[in-house]
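As the structure is a computational prediction, the values presented were derived from the model and not from experiment. Letters A, B, ... are given to chains in the order of the sequence lines, protein chains preceding strands, and every chain is numbered from 1.
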Protein chains: 2
Amino acid sequence: MLRNESCILANLNQFFPLGENEQQLLKELEKTPHRVTEKQVLWAAGDKVDQLYTLKSGWAYTCRDNLDGARQVVDIVLPGDVLGLRELTFATHLSQAQMITEGVICPFPNHKIIDIIEASTPLTVALLASLSRQESILTERMLMSIHRSARSRIAHFIVETYTRLNRVRSIDFDSFYLPISQKVLGEILGLTSVHISRSLTSMERERVLIKHRDHIQVLDREKLYEEADFDGSYISDNMNGLRERLKQHGFR
Amino acid sequence: MLRNESCILANLNQFFPLGENEQQLLKELEKTPHRVTEKQVLWAAGDKVDQLYTLKSGWAYTCRDNLDGARQVVDIVLPGDVLGLRELTFATHLSQAQMITEGVICPFPNHKIIDIIEASTPLTVALLASLSRQESILTERMLMSIHRSARSRIAHFIVETYTRLNRVRSIDFDSFYLPISQKVLGEILGLTSVHISRSLTSMERERVLIKHRDHIQVLDREKLYEEADFDGSYISDNMNGLRERLKQHGFR
DNA sequence: CGTACCTTTGACGGCTGTCAAAGGAAGTGG
DNA sequence: CCACTTCCTTTGACAGCCGTCAAAGGTACG
């Protein structure tokens with residue numbers, strides 16, 4: 001994809017080719033880009049839900065803070081993702097949303113989603129598909145947290161993130177950008193940073209991967225996949241049945 | 001609510017009062033009730049996604065089986081819930097869906113959702129709200145699995161399930177129907193049935209609750225809530241902002 | 001060059017899993 | 001109505017992964 005093509009279009013377009021009308025609606029959402037800084041909080045828990053964001057560039061996450069101070073990252077938001085869909089139908093936010101890196105976001109009022117539902121069934125379905133995949137990522141992470149060892153969870157997260165990134169913009173697997181500290185990685189996977197450190201050290205010693213400050217270097221792709229035991233169907237773009245049905249309804 | 005009123009209407013109606021048109025659309029979905037038996041599998045992982053179900057009566061769950069034979073229950077489906085929304089936009093099912101008890105379900109082809117999107121924005125939003133709450137329940141369970149002890153997770157699940165049931169049909173908290181074996185409870189919470197047994201025994205010894213074969217008896221409501229540390233906002237029906245916007249769009 | 005944050009390493013402890021066996025409870029067929 | 005089977009629950013012994021606490025070493029940044 002071209003550098004300045006819309007990420008969100010590249011994202012949603014994977015489900016099925018969107019028409020002129022839909023592309024126009026998406027452009028509407030990205031009319032007001034804002035530059036945001038590293039670690040900037042986009043909303044806090046308890047805030048009124050009134051805006052959604054598309055993420056044009058940069059990484060973000062949503063998280064929940066426990067009473068005891070422990071933070072749990074709920075989802076990692078990558079360029080092209082819509083931020084806030086999950087809580088669109090709530091009065092107040094359950095989670096906090098925060099940038100990881102600096103970046104560019106495009107806020108839009110949440111009732112624009114209503115306009116989209118009225119204006120375009122295919123785009124509504126694409127958004128539904130996007131929301132479902134977000135939920136599937138969450139489900140998968142829950143399975144991982146419950147049934148897998150720390151090393152396996154780390155491996156899985158690396159492969160998953162690579163897959164998500166590569167889907168919107170083709171990247172190199174042997175070494176790619178991953179601006180996530182061990183502390184945050186722990187908050188994502190539900191492990192302490194101490195244990196993350198131990199696990200990463202052992203993976204490096206065994207020549208599987210090296211985690212640098214802001215990128216991952218994969219040394220042994222096969223071993224990594226084996227540990228990750230990754231089946232990417234939960235983020236696949238394939239949605240045949242509905243796509244055909246949309247065609248029958250006169251959409252392209 | 002009346003015994004023979006539609007559960008799904010009672011469920012979705014909580015978000016905002018649905019009009020004649022919407023009630024009619026929901027009735028459409030429930031035109032073909034089927035009786036299903038205890039433990040009947042509704043779909044298996046890998047099956048083509050072509051039907052959704054509303055659950056008129058009985059309990060069901062969706063689950064994923066690990067390679068090592070461990071089963072993880074993804075969500076508990078209660079009367080009035082729509083079963084399959086999460087995987088609507090996938091080509092094949094990621095999970096298995098299975099009845100817990102016997103019951104009555106109403107299958108309908110998944111492209112009916114497209115009809116609904118085209119026919120009624122409020123109903124689309126209500127379905128979105130329902131899907132979001134399902135995802136929130138999942139998120140909450142992930143937090144619990146990662147940060148809470150076995151006893152606390154059990155307490156939380158009991159209170160959550162009571163809250164969900166009470167929302168669609170008022171029930172008594174001191175003793176209510178919960179047709180879930182310790183084995184399945186373990187599969188829900190990501191614990192072994194052995195550990196569930198130990199935890200339940202200790203909760204019974206301390207006069208918090210007694211789990212019988214198919215119902216829960218709450219002995220000390222306050223203690224239970226304290227252990228559960230339950231904040232129900234993630235399943236609340238409040239969605240003010242959008243509701244008003246829908247009114248502005250001419251919906252009631 | 002000082003400060004703040006991130007990473008590493010060690011010692012220790014606890015929650016929960018595994019394995020195993022026995023004791024109920026429910027359903028089936030004779 | 002009684003064996004038989006099957007599934008669920010309970011209990012004990014033991015082990016291991018990961019958390020906690022603490023301190024030191026790195027790294028970025030002002």
Where do N or O atoms of nucleotides 5-9 of chain C meet protein N or O atoms at under 3.5 Å, pair by pair?
from: C:dT7; atom 1: OP1; to: A:Gln182; atom 2: N; distance (Å): 3.3
from: C:dT7; atom 1: OP2; to: A:Gln182; atom 2: N; distance (Å): 2.8
from: C:dT7; atom 1: OP2; to: A:Lys183; atom 2: N; distance (Å): 3.3
from: C:dT8; atom 1: OP2; to: A:Gln182; atom 2: OE1; distance (Å): 3.0
from: C:dT8; atom 1: OP2; to: A:Gln182; atom 2: NE2; distance (Å): 2.7
from: C:dT8; atom 1: OP2; to: A:Ser197; atom 2: OG; distance (Å): 2.9
from: C:dT8; atom 1: O5'; to: A:Ser197; atom 2: OG; distance (Å): 3.4

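Remark: A:His156 pairs with A:Phe230 by the ring pair (Phe, Tyr, Trp, His ring centres under 6.0 Å) rule, at least two apart or across chains. Remark: B:Arg198 engages B:Val194, B:His195 in a side-chain contact (heavy atoms from CB on, under 4.5 Å) (not counting sequence neighbours). Partners of B:Tyr162 under the side chain to side chain donor-acceptor pair (under 3.5 Å) rule, at least two apart in sequence or in another chain, do not exist in this structure.
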Only pairs under 3.5 Å count here: list side-chain donor-acceptor contacts from residues 41-54 of chain A, not counting sequence neighbours, and write none if there are none.
from: A:Trp43; atom 1: NE1; to: A:His93; atom 2: ND1; distance (Å): 3.2
from: A:Trp43; atom 1: NE1; to: A:Ser95; atom 2: O; distance (Å): 3.0
from: A:Asp47; atom 1: OD2; to: A:Ala44; atom 2: N; distance (Å): 2.9
from: A:Thr54; atom 1: OG1; to: A:Glu30; atom 2: OE2; distance (Å): 3.4

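We find that CG of A:Leu191 is positioned 18 Å from P of C:dC15, with the value rounded to whole Å. Atom P of nucleotide D:dC18 and atom CG of A:Leu189 are separated by 11 Å, given to the nearest angstrom. Computed from coordinates, the A:Asn66 CG to D:dT20 P distance equals 11 Å when rounded to whole Å. Between B:His212 atom NE2 and D:dT9 atom C1' the separation is 15 Å, expressed in whole Å. Computed from coordinates, the B:His147 NE2 to D:dC18 P distance equals 15 Å when rounded to whole Å. Separating the CD atom of B:Glu187 from the P atom of D:dC8 is a distance of 9 Å, rounded to the nearest angstrom. Between B:Ile146 atom CD1 and C:dT16 atom P there is a gap of 14 Å when expressed in whole angstrom units.
A salt bridge links A:Lys183 with A:Glu187: the closest approach of a Lys/Arg side-chain nitrogen to an acidic carboxylate oxygen falls below 4.0 angstrom.
Residue pairs meeting the salt bridge (charged side-chain N to carboxylate O under 4.0 Å, His left out) criterion with at least one member in residues 68-94 of chain B, sequence neighbours excluded: A:Glu135-B:Arg86, B:Asp65-B:Arg71, B:Asp75-B:Arg86, B:Asp81-B:Arg164. Applying the salt bridge (charged side-chain N to carboxylate O under 4.0 Å, His left out) test to pairs two or more places apart or on separate chains, those with a residue in residues 202-212 of chain B are B:Arg151-B:Glu206. Screening residues 199-221 of chain A for ring pair (Phe, Tyr, Trp, His ring centres under 6.0 Å), with sequence neighbours left out, gives A:His212-A:His215.
Over its length, the helix from C:dC1-D:dG30 to C:dG30-D:dC1 turns its helix axis by 50°, as judged from the five terminal pairs at each end, rounded to 10°.
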